[in-house]
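Counting starts at 1 for both ligands and their atoms, following the listed order.
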Amino acid sequence: MTRLVNDPAQFADEAIAGFVAANERYVHRVPGGVVRSTAVPDGQVAVVIGGGSGHYPAFGGLVGAGLAHGAAMGNLFASPSTQQIVSVAEAADAGGGIFFTYGNYAGDVLNFDGAQERLLARGIPCKTVTVTDDVVSASPAQKQKRRGIAGDLTVFRSAASAAEAGYDLAGVARIAALANERTRSFGVAFRGCTLPGAEAPLFTVPEGRMAVGLGIHGEPGIDETGIPTADGLAELLVSRLLEEAPDGLGVDGARVVPILNGLGSLKYEEMFVVYRRIAELLERAGIEIIDPHVGEYCTSFDMAGTSLTLFWPDDELAELWEAPVDTPAYRRGSVAPRERATAATVVDDEATGIPPSDDASRSAARDVRRALETIVATVDANVDELGRIDAIAGDGDHGIGMQRGSHAALAAAVVAADAGAGAGTTLGRAADAWSNRAGGTSGALWGVILTAVAERLGDDGTPAASAVAAGVAAGASGVMAHGKAQLGDKTMVDALVPFSARLSDAVGTGATLADAWRVAADAATRAAAATADLVPRMGRARAHGRHSVGTPDPGAHSLALIVTAIGEVLADDRTDDRTDDKEAT
Ligand code: ADP
Ligand code: MG
């Protein structure tokens with residue numbers, strides 16, 4: 001558990017502030033994360049990593065000479081937002097393009113891809129390789145779906161070494177893909193982690209038992225066994241990873257970098273006892289061990305557990321591996337002193353003025369604010385329940401993510417509306433704030449939905465019911481385009497698509513917004529409940545499909561609760577009159 005907390009909601013920000021204060025030799029803070037505080041030669045490819053907080057030394061602790069140029073740092077276990085990643089990448093850019101690499105998680109992919117799109121549109125070349133080292137998270141045939149765990153380090157370090165050696169963007173991407181292809185990990189856990197302010201661990205393992213195949217966000221294990229001896233654990237880890245040696249590589253005579261990673265509260269001495277046997281087993285298999293690592297490289301808050309990574313470098317990777325590294329949490333060899341960088345570029349997309357609006361739209365902005373107040377109240381009332389159902393197959397953060405997002409959205413809407421913004425701008429600011437503060441998959445997707453609706457509301461005139469319905473429809477298409485989920489994949493799409501379809505139908509046949517919304521919300525509620533029977537095929541829940549049958553998808557459930565609550569407010573209002581007026585025009 002976490003004993004030292006001020007306000008749990010501020011924990012990640014305060015930890016980043018303290019980390020930067022303690023490591024100014026290495027890093028500068030920029031909006032959304034950190035970049036190197038040492039100079040980078042012009043034209044060098046910038047390696048930008050990132051992910052949620054709670055995994056130290058991943059990700060900020062790995063920024064420095066010979067490793068990452070910047071790290072986007074999200075909230076606890078939540079992906080950084082698109083805007084945060086863009087801000088870090090722009091500050092890290094040295095003119096050679098941006099190379100993104102991070103663990104393969106849905107929320108991170110969504111936000112990093114979004115950032116890459118924005119940067120490409122601004123003329124900054126970018127490439128991405130996601131890390132997929134965790135062998136239990138998908139079968140060998142579906143390797144590209146595997147999640148990233150401690151193998152992040154080998155991919156990050158190989159890519160960064162190539163960048164420092166003067167490889168161009170395509171060359172860095174090639175090296176990273178090769179390193180990823182030659183990295184495999186496998187882990188176990190004895191106790192789940194407890195996030196700051198949380199009452200209970202994200203998952204529990206019965207006393208004396210061990211979860212096999214843990215994820216670094218507290219995703220529960222794939223299997224459970226009794227806790228073996230230290231030697232027994234070494235044998236389990238090594239045998240499973242030798243079965244998965246990269247394609248076409250013989251084990252006998254191979255060169256391997258082993259990384260025994262602590263997940264957060266395992267003693268170094270315990271890991272050394274295990275490593276002693278791992279080294280014996282690798283040598284017995286005819287493997288030449290180079291540069292072994294035993295320590296904490298990617299943690300899961302205070303989880304008790306460990307993972308073994310085997311990295312199988314070819315000649316080129318082995319040579320790149322020799323380059324020295326000096327970062328706050330990771331040092332190898334000796335790096336010559338580097339010049340200090342001048343202050344990092346600070347990007348602030350929010351500092352733009354409020355566009356003009358008319359009275360009718362400013363009045364609609366007050367309705368937007370009321371809708372957001374309703375969302376906040378609904379999320380607050382259900383925060384524990386949403387966390388609980390997300391913990392069954394996901395990582396347990398859906399309640400807190402929705403809470404952070406909706407509160408930030410309301411705060412931004414109040415500021416915008418008070419400054420005279422129309423409905424579109426008010427909701428647009430709320431959408432950005434939601435995705436920035438919530439992080440995670442659902443935060444990014446709620447940002448997409450609200451942005452689409454905001455665009456249809458505009459800043460002139462009273463929005464028509466048809467504009468609202470068209471905005472929701474555009475939001476549903478946007479969610480599917482960004483998240484790539486289809487109906488039946490057990491995601492919020494399963495509630496959003498029927499909601500949108502019924503809303504458009506009813507509005508199209510002349511119903512008032514309040515009436516159409518009620519019909520649509522009922523459809524969303526039924527559809528969300530029906531997701532209980534489905535097996536997830538997207539997002540973090542995918543690896544734990546069978547655990548979730550019988551429980552609805554958290555994102556679909558929260559969406560149904562929210563649209564139902566908004567429907568009640570619309571029914572209480574006399575918005576019907578207004579909608580009729582507009583449709584008559
Ligand atoms: P995270 O998965 O990053 O922890 P949350 O826990 O806040 O984010 O949200 C999880 C919800 O996000 C899921 O229940 C699901 O409804 C939704 N989700 C996850 N992946 C996708 C996707 N690819 N497309 C649509 N919705 C998704
Ligand atoms: Mg989650």
Would you indicate whether the side-chain heavy atoms of [Y] and [X] approach each other to under 4.5 Å?
X	Y	result
V212	M210	yes
M303	F203	yes
Y56	E296	no
F77	S300	yes

- Just jot down the ligand 1 atoms closer than 4.0 angstrom to any heavy atom of P554, in number order.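 Here the atoms of ligand 1 in question are 14 (O).
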
- Task: Give the atom name of whichever N/O/S atom in D397 sits closest to the Mg ion (ligand 2).
- Result: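 Closest to the Mg ion (ligand 2) among those atoms: OD1.
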
- Restricting to N/O/S, name the atom of D390 that gets closest to the Mg ion (ligand 2).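 It is OD2 of D390.
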
Does an N or O anywhere in [X] fall below 3.5 Å from an N or O of ligand 1?
X	value
V479	no
D553	yes
T441	yes

- Would you please say whether a donor-acceptor pair under 3.5 Å links the side chains of S435 and S81?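 No - no donor-acceptor pair under 3.5 Å links their side chains.
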
- Query: Closer than 4.0 angstrom: is that true for some heavy atom of G483 and an atom of ligand 1?
  - Reply: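 Yes, G483 has a heavy atom closer than 4.0 Å to ligand 1.
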
- Item | Min heavy-atom dist G394 to ligand 1 below 4.0 Å |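 False for this residue.
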
- Among S558, G107, G555, closest by any non-hydrogen atom to atom 11 (C) of ligand 1: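 It is G555 whose heavy atom sits nearest to atom 11 (C) of ligand 1.
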
- Message: Counting only heavy atoms, tell me which of H398, H557, K490 gets closest to atom 10 (C) of ligand 1.
- Response: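 It is H398 whose heavy atom sits nearest to atom 10 (C) of ligand 1.
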
- Item | Derivation of the salt bridge (Lys or Arg N to Asp or Glu O under 4.0 Å) call for R146 and D134 | CA-CA 6 Å; R146 288 176 171 175; D134 182 8; over 6 Å; no

- Indicate, as side chain, backbone, both or neither, the part of L445 found under 4.0 angstrom from ligand 1 when only non-hydrogen atoms are considered.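 The part of L445 near ligand 1 is the side chain, not the backbone.
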
- Task: Answer with side chain, backbone, both or neither: which part of D390 has a heavy atom less than 4.0 angstrom from an atom of ligand 1?
- Result: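 It is the side chain that touches ligand 1; the backbone stays farther off.
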
- Message: Can you tell me if R502 has over 12 outside heavy atoms packed within less than 6.0 Å of its CZ?
- Response: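 Not buried by this count: 12 neighbours or fewer within 6.0 Å.
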
- Heavy atoms of other groups near Q144 CD, more than 12 under 6.0 Å: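 More than 12 heavy atoms, drawn from other residues, nucleotides or ligands, come within 6.0 Å of this atom.
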
